[in-house]
Amino acid sequence: MLLNKRISIWSFLKYIKYDIIFIVFYAITMGILDQFGFLSKISIPIAVTGVFGTAVALLLGFRTNQAYERWWEARIIWGAIVNDSRTLVRQSITFYDRQDSQYEFRIKEIVLRQIVWCYALGESLRKVDFSPKVAGYLKIQDINDQNVPNAILLKHSEALSEARNDKAINKFQQVQIDSTVARLCDSMGKCERIKNTVFPKAHSLLIHLIIYVFATMLPFGLSDNYLSVEIGLTIAIPIIFIAIEKTSILMQDPFENNPMDTPMTDLAQTIEINLKQMTGDEDIPQKKKPEMFYIL
């Protein structure tokens, strides 16, 4: 369960440690060859190196922008899920006939089913094992579908149809509640679209290629008077570029169970608390405090 988006600098450095090791080794090798090797007589104008640096900056800007758009869209979708979950229960509470003998049972069933759906959707998107709360519900309801969240929404629609047949709601109320269920289904589909749309790998390969070309050319455009400064710059600048690119990689997959993904478990817990408060349920879970997340 990911609740926190704070990432320590050391944990992020661990995430790019292999890139750092390779760049350090590469920069030292190129710096030595530029000073003492057979390439010592080669000199490349710094303006030419700057062209490659500009190209990397433009590509990274595009990559970061696209990654942020995917991450932000995911957060907007889950914001809509929070709102529609509240709307579904509010409509059920006010639309269902309070004189119906099964009124309380129907409302509690809707609340439980919606809470389970939120947890199930998040866990399905992250491709992790279902939590005991979800697994227990699936066992009781005998749900074995491949798309569990979709099967749970079907249960919503079946319950609406049953309530209509029992005259607990009228056809207009059924349509109103069903439209809310349809919006939840639409949000689920948008999440699946983001999850299943892979960012082109060729873009990352191109960025890495240009970064290493830049790192190769940089020593030959710098002054040869200070070897340590030359090597330091050849290490620092490419690492900054790689760190930006790795950050965009983390952001581009908001459902991959990484430190920068959408906090779906936290949002599902918020929904659970809100829905239980709306129905006067005394079994309200305590909101867990965010914890520091470390990349292993």
Legend entry - Validation row: I81, L267 side chains within 4.5 angstrom (heavy atoms): no
Legend entry - Heavy-atom donor-acceptor pair, T197 side chain to I194 backbone, under 3.5 Å: no
Legend entry - side-chain contact (heavy atoms from CB on, under 4.5 Å) between W78 and S187, intermediate numbers included: CA-CA 8 Å; W78 268 85; S187 295; over 6 Å; no
Would you be so kind as to tabulate the donor-acceptor pairs closer than 3.5 Å made by side chains of residues 115-123, with sequence neighbours excluded?
unit_1	atom_1	unit_2	atom_2	d
W117	NE1	P149	O	3.1
Y119	OH	E272	OE1	2.7
E123	OE1	S131	N	3.2
E123	OE2	S131	OG	2.9

Inset, instruction - Provide the closest heavy-atom pair for P254 versus D261 in the form atom of the first, atom of the second, distance. - result: O-CB, 2.9 Å
Legend entry - Basic-acidic side-chain contact under 4.0 Å: E256, K127: no
Inset, instruction - Measure from the side-chain N and O atoms of T64 to the backbone N and O of G61, and report whether any donor-acceptor pair falls under 3.5 Å. - result: no
Inset, instruction - Verify, without hydrogens or angle tests, whether D100 (side chain) and Q102 (backbone) share a donor-acceptor contact under 3.5 angstrom. - result: yes
Inset, instruction - Step by step, work out the side-chain contact (heavy atoms from CB on, under 4.5 Å) result for Y103 and I93. - result: CA-CA 9 Å; Y103 173 79; I93 292 173; 3.6 Å; yes
Legend entry - Nearest heavy-atom neighbours spanning T234 and A215: CG2-O, 3.5 Å
Inset, instruction - Rounded to the nearest 0.5 Å, what's the gap from OG1 on T180 to CD on Q91? Could you check? - result: 3.5 Å
Legend entry - Hydrophobic cluster identity match, I244 and I249, side-chain contacts under 4.5 Å: yes
Inset, instruction - Mind listing the closest non-hydrogen atom pair of E109 and A159 along with its distance? - result: OE1-CB, 4.4 Å
Inset, instruction - Grab the two heavy atoms, one from S85 and one from Q114, that are nearest each other, plus how far apart they are. - result: OG-NE2, 2.8 Å
Inset, instruction - Working to the nearest 0.5 Å, report the span between CD1 of I77 and CG of D84. - result: 12.0 Å
Legend entry - Sub-4.5 Å side-chain heavy-atom contact between F255 and N196: no
Legend entry - Validation row: E245, V56 side chains within 4.5 angstrom (heavy atoms): no
Legend entry - Test item: Q173 and R164 side chains (from C-beta on) under 4.5 Å apart, heavy atoms: no
Inset, instruction - Report the distance from atom CZ of R193 to atom CZ of R70, rounding to the nearest 0.5 Å. - result: 9.0 Å
Legend entry - Side chains of I177 and Y96 in contact at under 4.5 Å (non-hydrogen atoms): yes
Inset, instruction - Would you check if the side chain of D178 reaches a backbone N or O of Q174 as a donor-acceptor pair within less than 3.5 Å? - result: no
Legend entry - Gap between atom NZ of K108 and atom CG of L275 - 0.5 Å precision: 14.5 Å
Inset, instruction - Please check if I237 and I240 belong to a single hydrophobic cluster, counting links between Ile, Leu, Val, Met, Phe, Trp and Tyr side chain heavy atoms closer than 4.5 Å. - result: yes
Legend entry - Test side chain to side chain contact (heavy atoms under 4.5 Å, CB included) applied to E104 - qualifying residues, sequence neighbours left out: none
Inset, instruction - State whether the side chain of Q66 and the backbone N or O of R63 hold a donor-acceptor pair below 3.5 Å, judged by distance alone. - result: no
Inset, instruction - Please examine the side chains of I110 and K155, heavy atoms only from C-beta on, and report whether any two atoms are closer than 4.5 Å. - result: no
Inset, instruction - Starting at CD1 of I211, measure out to OG1 of T216 and round the result to the nearest 0.5 Å. - result: 11.5 Å
Legend entry - Check: S92 side chain, L88 main-chain N or O, donor-acceptor pair, under 3.5 Å: yes
Legend entry - Single-linkage hydrophobic cluster, 4.5 Å side-chain cutoff, M188 and V128 together: no
Inset, instruction - May I ask you to decide if A168's main-chain N or O and D166's side chain share a donor-acceptor pair within less than 3.5 Å? - result: no
Legend entry - Co-membership, hydrophobic cluster, residues Y26 and I28, 4.5 Å side-chain: yes
Inset, instruction - Begin with the C-alpha distance, continue with both residues' side-chain angles, and end with the deciding distance and a verdict on side-chain hydrogen bond (donor to acceptor under 3.5 Å, both in side chains) for T87 and R183. - result: CA-CA 11 Å; T87 300; R183 289 198 302 271; 4.8 Å; no
Inset, instruction - Mind listing the closest non-hydrogen atom pair of T270 and R86 along with its distance? - result: CG2-NH2, 4.3 Å
Inset, instruction - Inspect the surroundings of CZ in F52 and state if more than 12 heavy atoms from other residues, nucleotides or ligands are less than 6.0 Å away. - result: no
Inset, instruction - Give a yes or no on this: more than 12 heavy atoms of other residues, nucleotides or ligands lie within 6.0 Å of atom CD of Q146. - result: no
Inset, instruction - Evaluate the side-chain proximity of K167 to D97: yes if any heavy-atom separation is below 4.5 Å, no if none is. - result: no
Inset, instruction - Please indicate whether N165 has more than 12 foreign heavy atoms, meaning atoms of other residues, nucleotides or ligands, lying under 6.0 Å from its CG. - result: yes
Inset, instruction - State plainly whether one hydrophobic cluster holds both Y212 and I210, where clusters connect Ile, Leu, Val, Met, Phe, Trp and Tyr through side-chain heavy atoms under 4.5 angstrom apart. - result: yes
Legend entry - N-O pairing of E158 and R113 below 4.0 Å: no
Inset, instruction - Could you check if a side-chain atom of L209 sits within less than 4.5 angstrom of a side-chain atom of L205, using non-hydrogen atoms only? - result: no
Legend entry - Value rounded to 0.5 Å, distance of OH in Y137 from CG in D142: 12.0 Å
Inset, instruction - Would you confirm whether Y68, through its side chain, and S248, through its main-chain N or O, come within 3.5 Å as a donor-acceptor pair? - result: no
